[in-house]
Visitor: 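Sharing a structure, written as C-alpha cells. Questions coming.
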Amino acid sequence: MSKRRFLVTGALPYSNNRLHVGHITGAYLPADIFVRYLRSNGDDVRFICGSDDNGVAIEISAMKENTTPAELSTRYHNLQKEAFKGLGIHFDIYGGTHQPDYVELHNKLSQDFFKRIHDNGHFVKRTTEQLFDPKANKFLPDRYVKGTCYHKNEQGTICGSSDATGDQCEQCGNSIDPLLLVEPKSVITGATPERRKTTHWYLQLGKFQGMLADWFSLSSLDWRPIVTNFSLGAIKKGLPERAMTRDLSWGVPVPLDDPDAAGKVLYVWFDAPIGYASFTAALCQKSAGNWEAYKDWWQDPDCKIIHFIGEDNIVFHALIWPAMLLGTQYTAEEIEKRGSAYAAPKEKGHYQLPSNVVANAFLNIKFPGKEEEKISKSRGTAVWIDEYLKYLDPDPLRYYLTSNAPENQRTVWSFDDFVTKNNKELIGSIGNFVNRWQKFVTEDFGRKVPSDAKAGELERTLLARVRAVPGEVGEEIEAMRFKSALSKIRETFDECNRYFDASQPWITRKNDLEQCAATVNTCIQAVRTLGVLLEPFVPFGADKIREMLNLPREAWTWPRATEPLPVGHALGPVPEVLFRRIELKDFDVSAS
RNA sequence: GCUGGCGUAGCUCAGUUGGUUAGAGCAUGGGAUUCAUAAACCCAAGGUCACUGGUUCGACUCCAGUCGCCAGCACCA
C-alpha cells in the first residue's frame with residue numbers, strides 16, 4: 001500500500017486564556033489520536049496547530065490586564081503550548097498568528113488570500129453606522145456595549161432591563177440592535193458611545209451556497225451529523241454577507257490601497273484558518289528552507305485535509321473557510337456561470353477543500369453536590385490542564401476524555417466518573433492484565449518469552465480474536481469513532497482477563513509448567529498486539545509496555561502489531577505501574 | 001419568537017442503512033478465586049427506549065404532534 005498523505009489541523013486556541021478539559025476533548029485529543037494512529041500505520045501526516053492571537057477580544061483583555069496584546073498573547077501562547085506538551089499532544093508545528101516567528105509569513109499569506117478574493121470580486125464595500133467609544137478610541141462590538149432594553153412585550157410595556165448587552169437582552173430574550181439601546185454605555189470605559197460611520201468589506205457568502213451545497217452532497221456523507229445538520233441548515237436558510245474587516249490596530253492590516261482601508265485589519269476569523277496554511281508554510285521553511293512547499297499539502301488532490309474543531313467553530317470551518325478557498329479559485333462571474341456544480345481541483349495550483357471537518361459537542365461539568373453546568377472561564381467552573389498536570393498523569397485524562405467524548409452529543413465531566421474509569425477500567429482491566437503475569441515470567445521463565453508448545457484451543461481462540469482487533473480499531477479510528485475504538489480495545493482486555501482466569505496459571509505453574517508457559521506466552525503475544533493499539537490513546541502507558549516487552553520503536557507500529565514475539569525473546573525489566581490509582585481527594589475540587 | 005439538536009436501565013454513555021429475548025461500564029445483591037495497583041472472573045436483578053398518534057408484516061430506529069432540556073440566531077471568539 002502506498003503511503004497516504006494527510007494534513008491534520010487542531011482548531012487554533014485563542015490566546016487569551018488557559019486550556020481546560022473542554023478544549024482538549026473537543027478538538028486536540030481526537031486529532032492527536034487520529035494523527036498517532038496514522039503515523040503508527042505508516043501514513044505521511046503533518047499535524048498543524050498554533051494560537052489565534054488576533055482579534056478584538058485579545059485587545060480588550062490586554063487593556064483590562066494593563067498590558068499589550070503582544071505580551072498577553074505570547075504569555076498564553078506559551079502556557080497553552082506547555083499544556084499540550086504535558087498531555088502528549090505533539091504538533092509538527094505550533095505557530096501563532098501574531099507570534100514573532102510566524103507573524104510575517106502569516107500576514108503575507110492572509111493578505112494574499114484577501115487580495116485574491118477581493119480581485120475575484122467577492123467583496124462588497126459598505127458603509128454603516130456603529131457605536132464608538134471616544135475614550136478608548138474604539139468601535140464597540142456587540143458585547144462591549146450595555147444599556148437598557150427597548151423591546152416591548154405583548155402587553156405593550158417596555159422590557160426596560162438595564163442589563164442588556166449589544167447582542168441580547170437576558171431578561172426578555174430578544175436580540176438587540178446596539179444602535180437602539182437606551183442609554184448605552186461602553187463596557188470598557190463606561191463612556192457613552194457615539195455613532196460613527198465606518199466602511200468595511202463584506203464577503204458575499206450567498207454566492208457560494210449552491211457550490212457549497214453541492215460540495216456537501218459529494219463529500220460529507222460520513223461526516224458527523226452535528227456538522228452536516230448545522231451547515232446544511234444554514235445553507236438552506238441562505239448565507240448572509242459578512243464583514244471581513246474590522247476597525248482595530250491589532251491584527252493583519254487590510255492590504256488595499258483604498259484610503260477607507262487605512263488603520264483596519266482583517267476580521268480574526270478571516271485570518272485564523274489561514275493560520276493553518278501559514279503554519280504549514282513555516283514548517284516547510286523550517287524543515288526544507290522552502291515555505292512555498294506548503295502548497296504540496298494544501299493544493300494536492302491526493303492529500304486529505306482534516307480539521308478538528310469544537311462545535312462552536314462549525315460555521316467558520318464548514319462554510320466560511322470553504323467559501324474563502326473557493327473565492328481564491330473562482331471569480332464571481334465564473335461562479336455565476338458554473339452554477340452550483342462543485343468539482344475538486346484535479347491539479348496543483350488551487351486549494352483543496354477539507355476532506356472532513358470533525359467537530360465535537362460541548363463537555364459540561366458536574367461538581368460534587370452541584371447541578372450539571374457549562375464549563376465557564378469567568379465562573380471558574382472548569383478543570384484547567386496546567387492545574388491538572390501538577391497532580392496527575394496525562395494518560396488517565398486522555399482515557400477518560402476519550403471514553404466520555406461528546407462525539408455526537410453533549411456529555412458530562414464528573415469527578416466520580418473520572419476516578420472510577422481510571423481505577424476500574426484503565427487499571428482494573430488494562431493495567432491489570434499487563435501486570436498480572438509478570439510474576440510468572442520473572443520467577444519461572446527468567447523474563448524470556450516461554451514456549452507455546454502446549455498452546456491449545458483456548459490460546460488459539462484468544463490470539464485469533466486479539467489479532468483481528470487492530471483492523472477493527474483502525475476502521476473505527478478512520479471513521480472518527482474514537483470512543484468506540486477505545487472501548488473495543490478495552491473489551492479485548494476483558495477477554496484477555498477472562499482467558500487468564502480460565503487458564504489458571506497460578507495452578508498450572510505448580511503441576512504443569514509447560515501449560516503455564518503456554519499461558520504466559522499467549523498473554524505476552526496479546527499485550528504485544530494490544531499495546532500498539534493503546535499508543536494513540538494512552539501513549540505514556542503504551543510506551544512503558546513497549547519497554548517492558550523490550551521492543552524498538554520501529555517494531556511498535558500498527559502493521560507489525562500482530563507479529564508474534566519469538567520464544568526466547570528477552571523482555572525488559574518489570575515496569576513500574578502503568579497507571580496509578582486515583583482517589584477523589586487527589587482532586588482539588590474546589591474549583592469555584 | 002425562529003432554526004436545529006437531544007430526551008435509552010439508579011448514574012455516565014453505546015445503539016452504523018427498521019427485523020429474532022434493547023447493550024457496555026459503574027453502582028446493587030449473590031457466588032467462586034488469589035497471579036494482580038482489595039484488581040480480575042461467574043450469576044442475578046435493573047428499561048412500557050419522554051408521551052400520543054401514524055406508516056409498515058414488523059419501529060428505540062421513519063413521519064406528525066405534545067411535553068421537557070440544550071444550543072445557535074451573525075460583525076464575540
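Each chain gets a letter, A, B and so on, in the order the sequences are listed, and its residues count up from 1.
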Visitor: Could you tell me whether A:Leu578 contacts a base, only the sugar-phosphate backbone, or nothing, with contacts defined as non-hydrogen atoms closer than 4.0 Å?
Guide: base
Visitor: Nearest to the side chain of A:Phe316, heavy atoms from C-beta on, is which of B:A77, B:G25, B:A40?
Guide: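 Among the listed nucleotides, the one closest to the side chain of A:Phe316 is B:A77.
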Visitor: Which of the following nucleotides, B:G5, B:A36, B:C75, is nearest to the side chain of A:Asn435?
Guide: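 Nearest to the side chain of A:Asn435 among the choices is B:A36.
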Visitor: Would you mind checking if A:Asp494 and A:Arg498 are paired as a salt bridge, meaning a charged N to carboxylate O distance below 4.0 Å?
Guide: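 No, this pair does not count.
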Visitor: Which part of the nucleic acid, if any, lies within contact of A:Asp52, taking any heavy atom under 4.0 Å across all strands shown: a base, the sugar-phosphate backbone alone, or nothing?
Guide: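 Since only primed, P, OP1 and OP2 atoms lie under 4.0 Å of A:Asp52, the category is sugar-phosphate.
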Visitor: Taking the nucleotide of RNA chain B with the closest heavy atom to each, which residue, A:Val577 or A:Lys237, is nearer the 5' end?
Guide: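 By nearest-heavy-atom nucleotide position, the 5'-most residue is A:Lys237.
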Visitor: How does protein reach along nucleotides 28-33 of chain B, written 5' to 3' as B (base within reach of a heavy atom under 4.0 Å), S (only sugar-phosphate), or - (no contact)?
Guide: -----S
Visitor: Could you check whether A:Glu476 pairs with A:Lys488 (Lys NZ or Arg NE/NH1/NH2 to Asp/Glu carboxylate O, under 4.0 Å)?
Guide: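 No salt bridge links A:Glu476 with A:Lys488.
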Visitor: So does A:Glu475 pair up with A:Arg481, basic N to acidic O under 4.0 Å?
Guide: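 Looking at A:Arg481 together with A:Glu475, the answer is no, because their closest N to O distance does not fall below 4.0 Å.
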Visitor: Using the criterion of both pairing distances under 3.5 Å for Watson-Crick and G-U wobble pairs, give all stems of 3 or more consecutive pairs involving RNA chain B.
Guide: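 Consecutive-pair runs (3 or more) involving RNA chain B: B:1-7 with B:67-73, B:10-13 with B:23-26, B:28-31 with B:41-44, B:50-54 with B:62-66.
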Visitor: How many whole angstroms separate atom CD of A:Gln438 from atom C1' of B:A39?
Guide: 15 Å
Visitor: Check salt bridge (Lys or Arg N to Asp or Glu O under 4.0 Å) between A:Glu59 and all other residues, then give those that pass, not counting sequence neighbours.
Guide: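 Partners of A:Glu59 under the salt bridge (Lys or Arg N to Asp or Glu O under 4.0 Å) test: A:Lys138.
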Visitor: Heavy atoms under 4.0 Å, any strand shown: does A:Phe579 hit a base, just sugar-phosphate, or nothing?
Guide: base
Visitor: Suppose you measure atom C1' in B:C11 against the same atom in B:G7; what distance do you get, rounded to whole Å?
Guide: 16 Å
Visitor: Expressed as a whole number of Å, how far does the P atom of B:C6 sit from that of B:A50?
Guide: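 Going atom to atom, P in each nucleotide, I get 12 Å.
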Visitor: So that I can tick it off, tell me whether A:Lys454 and A:Asp512 are bridged by a salt bridge, with the cut-off set at under 4.0 angstrom between side-chain N and carboxylate O.
Guide: yes
Visitor: Under a 4.0 Å N-O cut-off, is there an ion pair linking A:Arg465 with A:Glu472?
Guide: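 Yes, this pair counts.
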Visitor: What class does the angle between the rings of A:Phe418 and A:Trp413 fall in, given that below 30° is parallel, 30 to 60° is tilted and above 60° is perpendicular?
Guide: parallel
Visitor: Please give the distance between the P atoms of B:C41 and B:C49 as a whole number of Å.
Guide: 30 Å
Visitor: By nearest atom, which of the nucleotides B:U37, B:A24, B:A77 is closest to the A:Arg581 side chain?
Guide: B:U37
Visitor: Checking side chain to side chain donor-acceptor pair (under 3.5 Å) against A:His307, which of A:Asn356, A:Asn313, A:Thr9 comes through?
Guide: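 Only match with A:His307 under side chain to side chain donor-acceptor pair (under 3.5 Å): A:Thr9.
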Visitor: So, using salt bridge (Lys or Arg N to Asp or Glu O under 4.0 Å) as the criterion, who are the partners of A:Lys264 when residues are at least two apart?
Guide: A:Asp247
Visitor: Return a single string for nucleotides 7-18 of chain B, one symbol per nucleotide in 5' to 3' order, where B is base contact, S is sugar-phosphate-only contact and - is none, cutoff 4.0 angstrom on heavy atoms.
Guide: -----SSS-B--
Visitor: Indicate whether OP1 or OP2 belonging to B:A40 is found under 4.0 Å from a side-chain N or O atom of A:Arg498.
Guide: no
Visitor: Using a 4.0 Å heavy-atom cut-off across all strands, classify A:Gly428 as base, sugar-phosphate, or nothing.
Guide: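 Since only primed, P, OP1 and OP2 atoms lie under 4.0 Å of A:Gly428, the category is sugar-phosphate.
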Visitor: Once salt bridge (Lys or Arg N to Asp or Glu O under 4.0 Å) is applied, do any residues pair with A:Asp501, and if so which ones, sequence neighbours excluded?
Guide: A:Arg436
Visitor: Return the 5'-most residue of the pair A:Ala243, A:Arg436 with respect to RNA chain B, ranking by each residue's nearest nucleotide.
Guide: A:Arg436
Visitor: Heavy atoms only, 4.0 Å cut-off, all strands: where does A:Tyr202 land among base, sugar-phosphate and nothing?
Guide: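 Base, at least one base heavy atom under 4.0 Å.
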Visitor: Taking any heavy-atom pair under 4.0 Å as a contact, classify A:Arg509: base, sugar-phosphate, or nothing.
Guide: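 Result for A:Arg509 = nothing.
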Visitor: Applying the ring pair (Phe, Tyr, Trp, His ring centres under 6.0 Å) test to A:His317, which of A:Phe230, A:Trp223, A:Tyr276 qualifies?
Guide: A:Tyr276
Visitor: What nucleotide, of B:A77, B:A40, B:A36, holds the atom closest to the side chain of A:Lys439?
Guide: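 Taking heavy atoms from C-beta onward, the closest nucleotide is B:A36.
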Visitor: Please determine, for the side chain of A:Ile427, which listed nucleotide (B:U37, B:A39, B:A77) has the closest atom?
Guide: B:U37
Visitor: Look at all strands and tell whether A:Val315 reaches a base, only sugar-phosphate, or nothing, counting heavy atoms closer than 4.0 Å.
Guide: nothing
